[in-house]
Protein chains: 2
Amino acid sequence: MSPDGDGVTLWRRVADDIRSNIGDGTISDALPSELELAARYGVNRHTVRRAIAALTADGLLRVERGRGTFVNNKPQRIVYPIGSRTRFSENMLKQSLEPSGRLIKSDYVLSDSVMAALLKCRVGTRLHRLDSLAVADGIPLSRSTSYFSAERFPGIIEAYAETGSITEALRREGVVDYRRRETRLTAERVSARDAELMSCAADAVVLISRAIDVDLEGQPVQFIRTKFLADRVELVMLQS
Amino acid sequence: MSPDGDGVTLWRRVADDIRSNIGDGTISDALPSELELAARYGVNRHTVRRAIAALTADGLLRVERGRGTFVNNKPQRIVYPIGSRTRFSENMLKQSLEPSGRLIKSDYVLSDSVMAALLKCRVGTRLHRLDSLAVADGIPLSRSTSYFSAERFPGIIEAYAETGSITEALRREGVVDYRRRETRLTAERVSARDAELMSCAADAVVLISRAIDVDLEGQPVQFIRTKFLADRVELVMLQS
DNA sequence: GTCAGTTGTCTAGACAGGTAGACATGTGAG
DNA sequence: CTCACATGTCTACCTGTCTAGACAACTGAC
């Protein structure tokens, strides 16, 4: 895909493969010895050691000199339910986590044809763009960019800045209730800026959700793009 | 997180950030000049050039000497609906894609406490484990590992090998219909083995779905873990 | 204690990644 | 044409990655 390699070092790829094997249950307790792993991946023992060092620093592995390397009990990801009524604050409180939202930036944009179709508005309509950070117990979980009609919700930015909750901000702007109409999901490597904002590793992965929320009349109230840190969050859909 | 860096080269991180900006719409048509990008990221111009070279090789950018660098019309991801009735073959046919499934490996495992809880069976029950690859129009989209009760579905492996469809294989084993009960989603960097199986870049990202399918009586029929290539697939949930 | 097998540490060398600077070459506005 | 500005190419140098080999130190079985 690029001139030479792919921009990911060998030890990183080995580390990713070991992590994946742990997630699969392929490796459950003790890792193979460094020499065996080196042979299996066709790399030098030092390269394996570096991969293990990275996973140890992450708290995923535990090395015992003379005995071997072992898998730690991994910390659970925070569960994030996705349904027709997705509310960040409620979700966190149910898991005994203290939710908060922080405004990063806000400005105006004019809706292009894509955004106009999503929000069912005219091309060129003024939209509030709201960048925010979702935090639970002080740990950043996700970063969102929301788009609202500036005409319909003139005070939404201030309301969010005060409350730290989109649900609450919408309520102040007259939206009694809303529900999720559509959610689209994909994933990417985290961007440099987002890694800084969410204080995570530069090689982290984000789940990207693009969703439309509608009011009780079915009229779109917001388009929201959220990047969830994949190693801190698990999205759950109950389909009953 | 590790001794020195994070195992991702500088040019790769710059490339990821540019890609992310394109996805956001922050960059829509023309990129800033190489010198400006270098200044913005605090790196050398050559490093920016390498990042651009990688994105150009991916078909995302187009460079015109003396004029500048521009964003190409990006190819759409294949839409993969996730609902209570998720069927790979039907989904692909609706998008005029030719679906196929290939068996990678199959063996037996004994259910541990986690798997027993998911499939509502006793610990120690024999389970078929089925590794398969889902392909659309010759392009690998995802890799799955399914677990079935060996007692209830003795011939499921053969049935899948013949038909290349889990739905069809289950039907032959007496499951008239089934539906999705729960889907859990996270994401990771692709493992070396999966990158080879799905013939993608070593630095690709996968969406990991862990799901339970139940029959009409509500009894679990399979636990399935699927890794979708994030740059080829978009998961869509309609929540009406 | 002995021994096989494990992780820890050191040295040295080949090669890719990143920085720095210089200059060539194409483009479009004036 | 001229000029500012864009990308293309080259050399030189330093640092980090990966390989290779050797040896030390620790663990558990015998």
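Chain A is the first sequence line, chain B the second, and so forth, proteins listed ahead of strands; every chain is numbered from 1.
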Write down the distance between CG (B:L37) and P (D:dT7), rounded to a whole number of angstrom. 8 Å

Quick one: A:L10 CG to D:dG16 C1', roughly how many Å, whole number? 14 Å

Salt-bridge test for B:D203 and B:R189: reply yes if a basic N is under 4.0 Å from a carboxylate O, no otherwise. no

Will you find, in the side chains of A:D131 and A:T145, an N or O donor that is under 3.5 Å from an N or O acceptor? yes

Can a donor-acceptor pair under 3.5 Å be found between the side-chain atoms of B:R45 and the base atoms of D:dG8? yes

When you measure from the side-chain N and O atoms of A:T69 to the phosphate of C:dT7, is any distance below 4.0 Å, counting only OP1 and OP2? yes

note: B:R12, atom CZ; D:dT17, atom P; distance rounded to Å ~ 17 Å

Choose from D:dA25, D:dG8, C:dG17 the nucleotide whose nearest atom is closest to any side-chain atom of A:R65. D:dA25

Between A:D58 and A:R19, is a salt bridge (charged side-chain N to carboxylate O under 4.0 Å, His left out) present by the stated rule, with each step listed? CA-CA 11 Å; A:D58 280 358; A:R19 173 184 266 128; 2.8 Å; yes

Flag for B:Y80-B:N91: side-chain donor and acceptor within less than 3.5 Å: no

Give the nucleotide from the list D:dT19, C:dA20, C:dT6 with an atom nearest to the side chain of A:S33. C:dT6

Out of D:dT9, C:dT19, D:dC18, which nucleotide sits closest to the side chain of B:R49? D:dT9

Which sits closer to the 5' end of DNA chain D, B:L31 or A:G66, going by the nucleotide each is nearest to? B:L31

Report yes or no: is there a donor-acceptor pair, N or O only, under 3.5 Å between the side chain of B:H46 and the base of C:dG21? yes

Could you check how far CD of A:E34 sits from C1' of C:dT6, rounded to whole Å? 8 Å

Phosphate oxygens OP1/OP2 of C:dG18: is one of them under 4.0 Å from a side-chain N or O of B:R50? no

Rounded to whole angstrom units, what separation is found between the CZ atom of B:R67 and the C1' atom of D:dT7? 12 Å

Checking A:R126 against A:Y108: charged group under 6.0 Å from the ring centre and within 45 degrees of the axis? yes

Length of the CZ-C1' vector between B:R62 and D:dA6, whole Å: 15 Å

D:dT19, OP1 or OP2 - any side-chain N/O from A:T47 closer than 4.0 Å? yes

Gap between atoms CH2 and P, on A:W11 and C:dG17 respectively (whole Å): 15 Å

Can you check the A:I52 CD1 to C:dT6 P distance for me, whole Å? 12 Å

